[in-house]
Amino acid sequence: MRWNILYRGPLSSCNYGCNYCPFAKTKNSRAELQDDARKLQRFVDWVAQQDAEIGILFTPWGEAMIRRHYQRAFVELSRMEHVAKVAIQTNLTFPTQWIAECNRERIAFWTTFHPTQTTLPKFLRKCAELDALAVRYSVGVVGFGDALPLARELRAKLPDHVYLWANAYKRDPNYYSDDDITAWEEIDPLFRFNTRYHPARGRPCEAGFSSFTVDGEGDVRRCHFIKDVLGNIYQHDIVTRLSRQNCVNDTCGCHIGYVHMPELGLYEVFGDGLLERIPSTMAQAMQS
């Protein structure tokens, strides 16, 4: 049995100021950062005590990898024999020297390029640092209409083995024309999956069984989008709290949610690159 765990602690600070993000340019106090570090280490210690094979994706509200306690957690987790993968969503502004201490075969980065916050050459230099360290990573952009030309340039300048994904802007249901979607699919062949709110209520999902979320208190939920708590990793034998159940939400529109719906077949598409959002074809190219 393998668990894919999405961990999100109380960290809520970010060094970027994207105008669509509620955590733009927020700053945690020293006490809040210390609390986040304690809770993260408690989670790491819990993982160390488990027998199951585990994959971990950190999905912080904000930018975590500029914090040393997340860097230390990556190093520690990557060296555990039963941890198959450690990945994180990040804007890639962190220093990369510490990565040499990790088991680099077991780490990966889900990175996002924010053109209003950094330049393309600067971002590509950070990607080159990951390439030099032979670390797996994906790159993404938010699919705003005016971002398409720069996304095309980014695709042209990234190595062929790097998957460039695009998150659709879904607040306006009529935002994309068919031609727009086709244009984005030339950059991200899987873009159409992200343009939809997939019907979910009553449909099977691996969330809550092989995949689940853990917060800073240790509370377990099926996914980030279902509030009901299944149990607590520090208080319960979590195996007894996990089961396959159909989704209770009407729709699912976020990649980290709908990727676990068997009817979409995305486990087969992403394979071992599920946590870092790398399709298996890209993963194979990187290994060759």
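Scope of the values below: all heavy atoms of this structure, side chains included, with no hydrogens, waters or symmetry mates.
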(request) Answer yes if the side chains of Asp45 and Gln41 hold a donor-acceptor pair under 3.5 Å, and no otherwise. (result)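 Asp45 vs Gln41: donor-acceptor pair found between side chains.
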(message) What verdict does the side-chain contact (heavy atoms from CB on, under 4.5 Å) test give for Cys127 and Tyr137, after you've listed the backbone C-alpha separation in whole Å, the side-chain angles of each residue and the deciding distance to 0.1 Å?
(response) CA-CA 8 Å; Cys127 292; Tyr137 66 100; 3.5 Å; yes
(message) Less than 4.0 angstrom from a charged side-chain N to a carboxylate O is my criterion; do Glu129 and Arg125 meet it?
(response)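 No, no charged N to carboxylate O under 4.0 Å.
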(request) Using a strict cut-off of less than 4.0 Å between a Lys/Arg side-chain nitrogen and an Asp/Glu carboxylate oxygen, indicate whether Glu81 and Arg106 qualify as a salt bridge. (result)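 Yes, Glu81 and Arg106 are salt-bridged.
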(request) Give the minimum heavy-atom separation between Met261 and Ala200, together with the two atoms involved. (result)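 Where Met261 meets Ala200 most closely, the heavy atoms are CE-CA, 4.2 Å.
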(request) Kindly give the heavy-atom pair with the smallest separation between Gly216 and Pro10, and that separation in Å. (result)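 Where Gly216 meets Pro10 most closely, the heavy atoms are CA-CD, 4.2 Å.
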Is it true that a side-chain atom of [X] and a backbone atom of [Y] form a donor plus acceptor pair closer than 3.5 Å?
{"X": "Gln245", "Y": "Gly208", "result": "no"}
{"X": "Lys85", "Y": "Ser78", "result": "no"}
{"X": "Thr251", "Y": "His198", "result": "no"}
{"X": "Asn246", "Y": "Gly202", "result": "yes"}
{"X": "Trp165", "Y": "Phe191", "result": "no"}
{"X": "Glu153", "Y": "Pro149", "result": "no"}

(request) Could you tell me the separation between the OG1 atom of Thr111 and the CE atom of Met65, rounded to the nearest 0.5 Å? (result)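 Rounded to the nearest 0.5 Å, the OG1-CE separation comes out at 12.5 Å.
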(message) To the closest 0.5 Å, what do you measure between CD1 (Ile233) and CD (Glu217)?
(response)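 It comes to 10.5 Å.
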(request) Classify the ring geometry between Trp98 and Phe94 as parallel (under 30°), tilted (30 to 60°) or perpendicular (over 60°). (result)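 Rings of Trp98 and Phe94: tilted, 30 to 60°.
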(message) Please verify the inter-ring angle class for Tyr7 with Phe43; under 30° counts as parallel, over 60° as perpendicular, anything in between as tilted.
(response)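 Answer is parallel, since the angle falls under 30°.
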Tell me every residue that passes side chain to side chain contact (heavy atoms under 4.5 Å, CB included) with [X], counting only those two or more places apart in sequence or in another chain.
{"X": "Pro199", "answer": "Arg203"}
{"X": "Pro262", "answer": "Pro204"}
{"X": "Ala37", "answer": "His69"}
{"X": "Asp250", "answer": "Arg201"}

(request) If a pair satisfies salt bridge (Lys or Arg N to Asp or Glu O under 4.0 Å) and one of its residues is in residues 218-231, list it, with sequence neighbours excluded. (result)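 Every salt bridge (Lys or Arg N to Asp or Glu O under 4.0 Å) pair that includes a residue of residues 218-231, provided the two are not neighbours, is Asp215-Arg221.
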(request) Could you list the residues that satisfy ring pair (Phe, Tyr, Trp, His ring centres under 6.0 Å) with Tyr197, not counting sequence neighbours? (result)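 By the ring pair (Phe, Tyr, Trp, His ring centres under 6.0 Å) rule, Tyr197 matches no residue at all.
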(request) Check Leu164, Leu158, Leu154 against Phe113 for a side-chain contact (heavy atoms from CB on, under 4.5 Å) and give me the one that passes. (result)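 Exactly one candidate clears the test, Leu154.
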(request) Tell me whether the guanidinium CZ or amine NZ of Arg42 lies under 6.0 angstrom from the six-membered ring centre of Tyr234 and within 45° of its axis. (result)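 Checked: cation-pi criterion met.
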(message) Hydrophobic clustering (ILVMFWY, side-chain heavy atoms < 4.5 Å, transitive) - are Phe212 and Val239 grouped together?
(response)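 Linked within one cluster.
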